[in-house]
Amino acid sequence: MTTEIPKQYDPAAAEAKWFPFWEQRGDFNADPDPTKPPHVIMIPLPNVTGALHMGHALNGTLQDLLTRWRRMQGYEALWMPGTDHAGIGTQAMVEKRMFEEEGLTRHDVGREALIERIWKWKDVYETRILSQLKRLGASCDWRRVRFTLDEVCSRAVRQTFFKMFQDGLIFRGKRLVNWDCFLQTAVADDEVSEEETDGHFWTFNYPVVEETSDESRVTSAREDKGTPSETSPALSTQYSVLSTGERISFSTTRPETMLGDTAVCVHPTDERYMHLIGKHVRIPVNGRVIPIVADALLADKTLGTGCVKVTPAHDPNDYACWTRNKEKMGEPINLLNPDGTLNENAGPWQGQDRLVARDAVVAEMERLGHFEKVEDRKIPLKHSDRSKTPVEPYLSEQWFVKMDTLAQNAIDAANDGRVTFYPERYRQSYLSWLGEKRDWCISRQLWWGHRIPIWSKRLTDEEEGATEDESHSLCARGGLDESGARVQMVCIAPNDRDYETQFEQLGFTQEPDVLDTWFSSALWPHATLGWPDTEHNPPLTSSSPSTLNPQPSTKNEVLPYFYPGSVLVTSRDIITLWVARMVLTGLYNMGDVPFKHVCIHPKIQDGFGQTMSKSKGNGVDPIELIEKYGCDGMRFTIASFAGETQDVRLPVGYECPHCQAVIPQEPHHLKFKPGKPKIKCSKCKKESQYATPNYTPDEGEPIARVVIERFEYGRNFCNKLWNAARFAMLNLESRDESGESRAREEVLAASPALDSRLSTLDSSLALDSRPLALDSLPIEDRWILSRLATVTDEVTSLLDVYKFDAATRSLRDFVWNEFCDWYLEMIKPRLRDEALKPAAQRVLVAVLDTTLRLLHPFTPFITEELWQRLKEIAPSRGLPRPTQAADAIIIAPWPSGLEAWRDSTLEARFQRLQDLIVAVRNVRGTYNISPALTVTISVRCSSESAADLEQVKSQFESLAKATLTAAGPNIARPTKASVSFSLGDSDGYLPLEGLVDLQAELARQKKEADKVRGFIAGTEKKLGTSSFVDRAPPEVVAEVRQTLANQQKQLASIEEIVKLLSAD
RNA sequence: GGACGAUUAGCUCAGUUGGUUAGAGCGCCACGUUGACAUCGUGGAGGUCGUUGGUUCGAGUCCAAUAUCGUCCACCA
């Protein structure tokens, strides 16, 4: 029975049907299989902080495309899914919500309770993210979902830290960090961004003082850790203001930092100040005396007053200056408490918020007469990406990983080609970042994350020194704590957790800090495969309660089989944060790179060229688009954008709920608006609500939803494919009641008109030789097969180098412009002819079969739907001999080895036929000939072309609504009123008496002749240039000569016509 | 300030190693729905390839300068 095939593809139904189908069959699963090569992609793990956006949709589409493609090619294709705990972001989100809803801070609930709350949050979002990925059709091995805080990953983190600690790569140090006062943690340089902020630019002065006692060394650094603020006021009594009353002026945007100044700095060659170098000034607000130092790197003669105050504890440049001038300056003075209030070093301002104290200090300076001026200024201020609050430079104790060797190894891997970037240019950003070899600050003052596996205890005065001890599970070292006291530090490896309790009983306490999120995601490629456990395969689900040994394996087979991976697919902004660090840790832990290729894809922007992001309010939910355009439509469109050069710009619109007109998004739509923002439709003039960054529209109300019209490209393509397949299937089936089997018999029936060996389809056909079978086919069959072979090659080699856009174009052009527009049209007459039908069906189904397989990685759902339907009608198909089709397209073999089908000469011949038909259509269009009217045409051409024409003669009707009356070299020129065209090597004549205005035709032909004359003039000029003829390669010259000959021939034909028409 | 990318039709983008008359999709114009598809078909209009120099027989393509936009890095008293 004929299964009803609807006229429109229904994406939602197909998506709901085939994803569970694949999953239940286990098609997504990847396990070590020595008979197959592995192909491995590790997902760039999404953060559990929120929902997926368009960038993820692009990223996921490409990875799934590659995974499905390689799976069809016979690889054991693993796409590893998982999520990232995203330390700062997630904790900030939960803390913020907790504060908003319950008024509680993390200190109110405590470490364990907060972590518990975050786990719950994580469960919700992880589920949401994973289900979103599935909606994209992601063929991940869903049994292997990992989470950076699960047991498998945690163990890898502990082991890596332990190993690095043992190797002396991890150290503790004071460092000026970006301090997030809201989250009370250090934030990496990579996690802060600058924003222009309104601020002030104050100018003050400090009085220059001179010594009045013998004490010459004033603020020399003391050996012990005394607080500098205690010492300075005491010494200040030994100085008095210069008799000249000289003052030194400077400007600042942060006056409160005056309290922590340890020097003022001038340029060593600045004539205004050279005489003051080595003298001192007194800070009026606290009376401290500080030196005037010279530093060419910090001070710039041309800027401001040329003099800078130096606050090493609160400014990176000042800190750098301090490291250069330590012996002159004294220790940096930290003014801040972790929450952004001033500490005891601020004297009377202790306890005040830094911003409050700022004004107070300004007032005090003014009162004391040291204020000069203030101006308003836009100040670039660093903000924490996570909390969106301004960060403060803050001197604190942090843990670091030494980068020199590690970074060098990662540099070498990219230089010697073990890691290749696509496009190649991104290697540079990777290399230049690693080249700095800046030590990696890995500690974060958070609770959500991997707690640093160091236990320490202060050494008493009696204890001589720390024990240095290294074993497979313990590594002990001496060190200093934050206050500078001597401590015994012990790092404990993951496999000896008993030690943890033992040491705690001995009075050791674990570090409160957790590790930078990137520390765990850097291990992702090998941690997910079970490293460092070499004895067991990694457990199959992260939620599985059984810990690390759920399977009876005695060897981890997964890790060596799937490591190193094949390709990492990501966007350029985390090349440094993540890609470089994965290479680095992969080399360190595994001795090999984590992936061979890095595919960097474009970023998604809105219609104004701005990166899409939730905070900008221009983000778009991919699920909404999937619902509107279908998953395959979205995937196909998005893949068509993914090229090497440009970012993807997606102009967004709002669809009027009243009339479905699309209202283009304008920048003002993205601004924060009070109340319930409404948008007015330019067509029906009605208003409706729409979503803005600060407003979610009321459900039930008419809402103007976000649409991206560019996605119609993919949706339309899917529908076209659907209908082409529908046509094919309708024509594969028999019309009588015996149904399917009858259809097959027809296909299998011999067709005497064609090669019997091809058409006699039974098992004995094994004797068939392809070239013979091909030769016997009509020209359109051989053409489409040749084109298909070419396209198969193109797509395969384009995917090899990650040129998704070009592959998509190639496929679309083939399906739409060649298969649908030409081939299907051309075989329609044969499908109506019972004698010719079987062979046509054979080729048709083979082409459809191969095309679907080529498309599957791009559009998985529609191709599976069609594959399954086709299976019912034609379970065996293919050329030259039918074979049983695969049970599901997801595991069908990727087309290859079609070289025998290629025939470039034939493609060129066919092109001539196409040109001829287009020319006829052109004439029809020009004279507006009724589509109902069949015209006749005679063609003067070579006998070879005439033979080709003869073959497609019967299809002229449907292709051009024209009857070919005669073709050949000796075709008579028309003597009566007629329209003609010249293609150079052939001319067509269409008698159209009474239908056309002969004067108009004459004018048209004259115009055409002029045009060709223009071309000829250009070509002749070129050939007349001796330098061209002498210097250009001979084949180019010959080519141009041939062109000229053709043009002249064409002109002769046209002139002949013109003469004829003029004479009439 | 440094690096990288972009600038081609009204819009969004292709354009392989320099080589006849620069392409596509959308939009626009004209015509067209009895059997695959109006999410469609046929035909058409529309571009001095950001600007200025240079190399070359020949430049959208290579080189230099410049403008504008974007991204990353560094810096900003």
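Just so we're clear, the structure is a prediction, and the values are computed from it rather than from any experiment. Lettering of chains follows the sequences in order, A, B, ..., and the numbering in each one begins at 1.
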side-chain contact (heavy atoms from CB on, under 4.5 Å) between Phe804(A) and Cys599(A), worked out: CA-CA 11 Å; Phe804(A) 305 98; Cys599(A) 164; 4.1 Å; yes
With rounding to whole Å, what would you report as the distance between [N] and [M] at their [atom1] atoms?
N       : M       : atom1 : value
rA30(B) : rA45(B) : C1'   : 10 Å
rC62(B) : rC26(B) : C1'   : 33 Å
rG10(B) : rG5(B)  : C1'   : 25 Å
rU16(B) : rU7(B)  : P     : 12 Å
rU66(B) : rA22(B) : C1'   : 25 Å
rU12(B) : rG58(B) : P     : 35 Å
rA64(B) : rA59(B) : C1'   : 15 Å
rU52(B) : rU42(B) : C1'   : 44 Å

Quick check: do [X] and [Y] have side-chain heavy atoms less than 4.5 Å from each other?
X         : Y         : answer
Tyr629(A) : Val707(A) : yes
Leu732(A) : Leu870(A) : yes
Arg812(A) : Phe858(A) : no

Could you say whether Gly1018(A) or Gln428(A) is positioned toward the 5' end of RNA chain B, judged by the nucleotide with the nearest heavy atom to each?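 Nearest nucleotide further toward 5': that of Gln428(A).
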With RNA chain B as reference, determine whether Leu650(A) or Glu825(A) sits nearer its 5' end, using the nearest nucleotide of each.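 In this pair, the answer is Leu650(A).
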Side chain of [X] only, please: which of [options] is the nearest?
X          : options                   : answer
Glu1039(A) : rC4(B), rU21(B), rU20(B)  : rU20(B)
Asn719(A)  : rU20(B), rC37(B), rU71(B) : rC37(B)
Arg921(A)  : rU42(B), rU39(B), rC4(B)  : rU42(B)

Test side-chain contact (heavy atoms from CB on, under 4.5 Å) on Arg358(A) and Trp202(A); report intermediate values, then the result. CA-CA 11 Å; Arg358(A) 178 171 299 172; Trp202(A) 286 272; 3.9 Å; yes
For nucleotides 22-34 of chain B, just jot down a letter per nucleotide in 5' to 3' order: B, S or -, based on protein non-hydrogen atoms under 4.0 Å. ---S------S--
Per-nt protein contacts along nucleotides 55-60 of chain B (heavy atom under 4.0 Å; B base, S backbone sugar-phosphate only, - none) come out as --B---
Nucleotide [N], atom [atom2] - distance to [atom1] of [X] in whole Å:
X         : N       : atom1 : atom2 : answer
Tyr426(A) : rA3(B)  : OH    : C1'   : 12 Å
Arg649(A) : rA14(B) : CZ    : C1'   : 16 Å
Met826(A) : rA36(B) : CE    : P     : 17 Å

Closer than 4.0 angstrom, basic N to acidic O: yes or no for [X] and [Y]?
X          : Y          : value
Arg254(A)  : Glu392(A)  : yes
Arg1004(A) : Glu1008(A) : no
Arg1013(A) : Asp1010(A) : yes

Please state whether the rings of Tyr802(A) and Tyr422(A) are parallel, tilted or perpendicular, taking 30° and 60° as the class boundaries.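 It falls in the perpendicular class, over 60°.
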Parallel, tilted or perpendicular: which fits the ring planes of Phe641(A) and Phe711(A), with parallel below 30° and perpendicular above 60°?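 Perpendicular, since the angle between the ring planes exceeds 60°.
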For nucleotides 6-11 of chain B, list the nitrogen or oxygen atoms of the protein found under 3.5 Å from its nitrogen or oxygen atoms, one pair per line.
from   : atom 1 : to        : atom 2 : distance (Å)
rA6(B) : O3'    : Gln646(A) : NE2    : 3.3
rA6(B) : O2'    : Gln646(A) : OE1    : 3.4

Short question: side chain of Thr257(A), backbone of Thr311(A) - any donor-acceptor pair under 3.5 Å?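 No, because the side chain of Thr257(A) does not come within donor-acceptor range (under 3.5 Å) of the backbone of Thr311(A).
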When all nucleic acid strands are considered with a 4.0 Å heavy-atom cut-off, which category describes [X]: base, sugar-phosphate, or nothing?
X          : value
Lys828(A)  : base
Arg726(A)  : sugar-phosphate
Thr252(A)  : sugar-phosphate
Asp1030(A) : nothing

Base-pair string, RNA chain B, Watson-Crick plus G-U, cut-off 3.5 Å on both distances, | for inter-strand, is (((((((..((((.....[...)))).(((((.......))))).....(((((..]....))))))))))))....
Set out, in order, the CA-CA distance, both residues' side-chain angles and the distance that settles side-chain contact (heavy atoms from CB on, under 4.5 Å) for Leu916(A) and Phe981(A), then state yes or no. CA-CA 9 Å; Leu916(A) 199 61; Phe981(A) 56 85; 3.7 Å; yes
Can you find an N or O donor on one side and an acceptor on the other, under 3.5 Å apart, linking the side chain of Lys720(A) with the base of rC37(B)?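 Donor-acceptor pair under 3.5 Å: yes.
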Could you walk me through whether Phe204(A) and Arg247(A) pass the side-chain contact (heavy atoms from CB on, under 4.5 Å) test, one step at a time? CA-CA 10 Å; Phe204(A) 302 103; Arg247(A) 294 177 170 194; over 6 Å; no
Partner of Gln1048(A) under side chain to side chain contact (heavy atoms under 4.5 Å, CB included), chosen from Thr1019(A), Ile1016(A), Thr1043(A):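 Of the listed options, the one satisfying the test is Ile1016(A).
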Between the side chains of Asn1046(A) and Gln1050(A), does any donor sit under 3.5 Å from an acceptor?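 No donor-acceptor contact under 3.5 Å links the two side chains.
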Any salt bridge (charged side-chain N to carboxylate O under 4.0 Å, His left out) pairs touching residues 626-651 of chain A, not counting sequence neighbours?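 Sorted result for residues 626-651 of chain A: Asp64(A)-Arg635(A), Arg135(A)-Glu627(A), Arg572(A)-Asp647(A), Lys628(A)-Glu655(A).
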Short N/O separations, protein against nucleotides 44-48 of chain B, under 3.5 angstrom:
from    : atom 1 : to        : atom 2 : distance (Å)
rG44(B) : OP1    : Asn922(A) : ND2    : 3.2

Within 45° of the six-membered ring axis of Phe727(A) and under 6.0 Å from that ring's centre, is NZ or CZ of Lys828(A) located there?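 Cation-pi check for Lys828(A) and Phe727(A): passes.
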